Amino acid sequence: MDQLELLKKDWQKQDSTFPKLSKSELSTLIHKKSSSIVKWLFIISLLEFVIPHLIILFTGDNDSTKIYEDLGLTSFKVISFTVYYIVILFFIYLFYKNYKSISANSNPKILMQNIIQTREVVKYYIWFNLTMFFVISIVILYKVFNTPLFIDKIPEDVNMTIVWLVCLVVIALLVVMFWLFYRLIYGVLLNKLKENYKELINNNIDC
Amino acid sequence: MSKDLEQKFVSDLEQNQNIVHKICKLYTNNQHAHNDLFQEISIQLWRAYPKFRGDSKFSTWMYRVALNTAITLYRKSKRTIKTQGFESVSFKIKATDYDDTEEEQLKLLYKAVQHLSDIEKALVFLYLEDKNYKEIASTLGVTEVNARVKMNRVKNKLRKILNP
């Protein structure tokens, strides 16, 4: 078949038309692991946001609104929740953006930058969550300690400084517990990213 | 996997990357899909590399793994991506004013090859790479006779697409 011979001749001429990838670009290509790790970071952050909301949705709204109302914290609730939602959604958006750019790039330098960026974002995300928890707990405690009901019930000779100290220790312990929990979920993934980053650096030096 | 192994693999891949590019050209129809397939084939080659014993040439082994990856992915994507039907191609070719210049013929040929099935593309690819039937047979894991029969069918099919 003459036509196929024609095609064959043309086919063998095309070698120079393809982009030539360097060794470092090729080794980045086979380290696609990073993109799947970042995908998991995105999925976990999303689940962490969605699951508590689903639980609230299915168990019915608890009495939190009334409690906030009783404590005179309605506007505090609105403000803190608004800030919380905006920031968390922004974080989820960042996770998504990192995932998209990591999976689309084969340039080792950009991939390394992305890995660093992702690690930073995760750190900020964890710190934001812990700080929010701490601040909200302190505000609620402060309000509770100042309700007439609480003041009536508490014996006169109790030293409020000690009560505060005990509560702060308990909150601090809870924060540490959350922190450990985060380290467990995100730490594993972050370490994998770090290993991949190290490999990329080594390859770049060699190539 | 050790670092030496990776370096050896990357340098082998670098030297033979055009094979992967050509397979991508045959199995995809845009740059984005081309790059995706290129990466997927590279990863599969790297995963399979520890099992490569060096009995055959790296390029021969590469043809097999890369084509397998392309065929598998092509099948997967076919379930989701709507591909152009055979009739519409022959219609298009008929509608084009038939020009006898080489360039025009080549265009039609490439278009026709794009519409072959995954296995047929693999056959044509190896044929275009100037492989003999023995090599084609061993790469695709069929007998030599079978490869000849299949290739003849592909030639006939192409002839039919080109001269409806």
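Because the structure is a prediction, the values reported are computed rather than measured. Chain identifiers are assigned alphabetically (A, B, ...) following the order of the sequence lines, protein sequences preceding nucleic acid strands; residue numbering begins at 1 within each chain.
A distance-only check finds no donor-acceptor pair linking the side chain of E6(B) to the backbone of S27(A) [under 3.5 Å].
Open room surrounds OH on Y93(A); 12 or fewer heavy atoms of other groups in view lie less than 6.0 Å from it. At most 12 heavy atoms of other shown residues, nucleotides or ligands fall within 6.0 angstrom of atom NZ in K194(A). In M177(A), the CE atom is not crowded: 12 or fewer heavy atoms of neighbouring residues, nucleotides or ligands sit closer than 6.0 Å. The 12-atom threshold is exceeded at CZ of F145(A), counting heavy atoms of other residues, nucleotides or ligands nearer than 6.0 Å. Remark: F49(A) CZ is packed, more than 12 non-hydrogen atoms of other residues, nucleotides or ligands lying under 6.0 Å away. The environment of CH2 in W127(A) is sparse: at most 12 heavy-atom neighbours from other residues, nucleotides or ligands sit within 6.0 Å. By the 6.0 Å contact criterion, NZ on K25(B) is enclosed, its count of non-hydrogen atoms from other residues, nucleotides or ligands being greater than 12.
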Please assess F18(A) against V20(B) for the test side chain to side chain contact (heavy atoms under 4.5 Å, CB included), listing each intermediate value before the final yes or no.
CA-CA 10 Å; F18(A) 295 121; V20(B) 184; over 6 Å; no

List the steps, then state whether side chain to side chain contact (heavy atoms under 4.5 Å, CB included) holds for L26(A) with W46(B).
CA-CA 10 Å; L26(A) 287 170; W46(B) 171 230; over 6 Å; no

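The side-chain contact (heavy atoms from CB on, under 4.5 Å) with Q105(B) is formed by just one residue from the set D10(A), L6(A), L7(A); it is L6(A).
For the atom pair CG (N18(B)) and OG1 (T17(A)), the distance works out to 7.5 Å, reported to the nearest 0.5 Å. The CZ atom of F9(B) sits 13.0 Å away from the NZ atom of K23(A) when rounded to the nearest 0.5 Å.
Residues W11(A) and V124(B) form no side-chain contact, since every pair of their non-hydrogen atoms from C-beta on lies 4.5 Å or further apart. Counting heavy atoms from C-beta outward, H21(B) and P19(A) have side chains that approach closer than 4.5 Å. L128(B) has its side chain out of reach of K9(A): every pair of non-hydrogen atoms, C-beta onward, lies at least 4.5 Å apart.
With a 4.5 angstrom heavy-atom cutoff, D130(B) touches chain A via backbone and side-chain atoms both. Interface residue E129(B): backbone and side-chain heavy atoms are both found under 4.5 Å from chain A. Contact of E14(B) with chain A is made through backbone and side chain together, with heavy-atom distances under 4.5 Å. Both the backbone and the side chain of K22(B) have a heavy atom closer than 4.5 Å to some heavy atom of chain A.
Nearest heavy atoms, L4(A) versus K155(B): CD1-CG, 3.5 Å. The shortest heavy-atom contact between K8(A) and Y127(B) is CE-O, 3.0 Å.
Sorted by first and then second residue, the salt bridge (Lys or Arg N to Asp or Glu O under 4.0 Å) pairs with a member in residues 116-141 of chain A form an empty list; sequence neighbours excluded.
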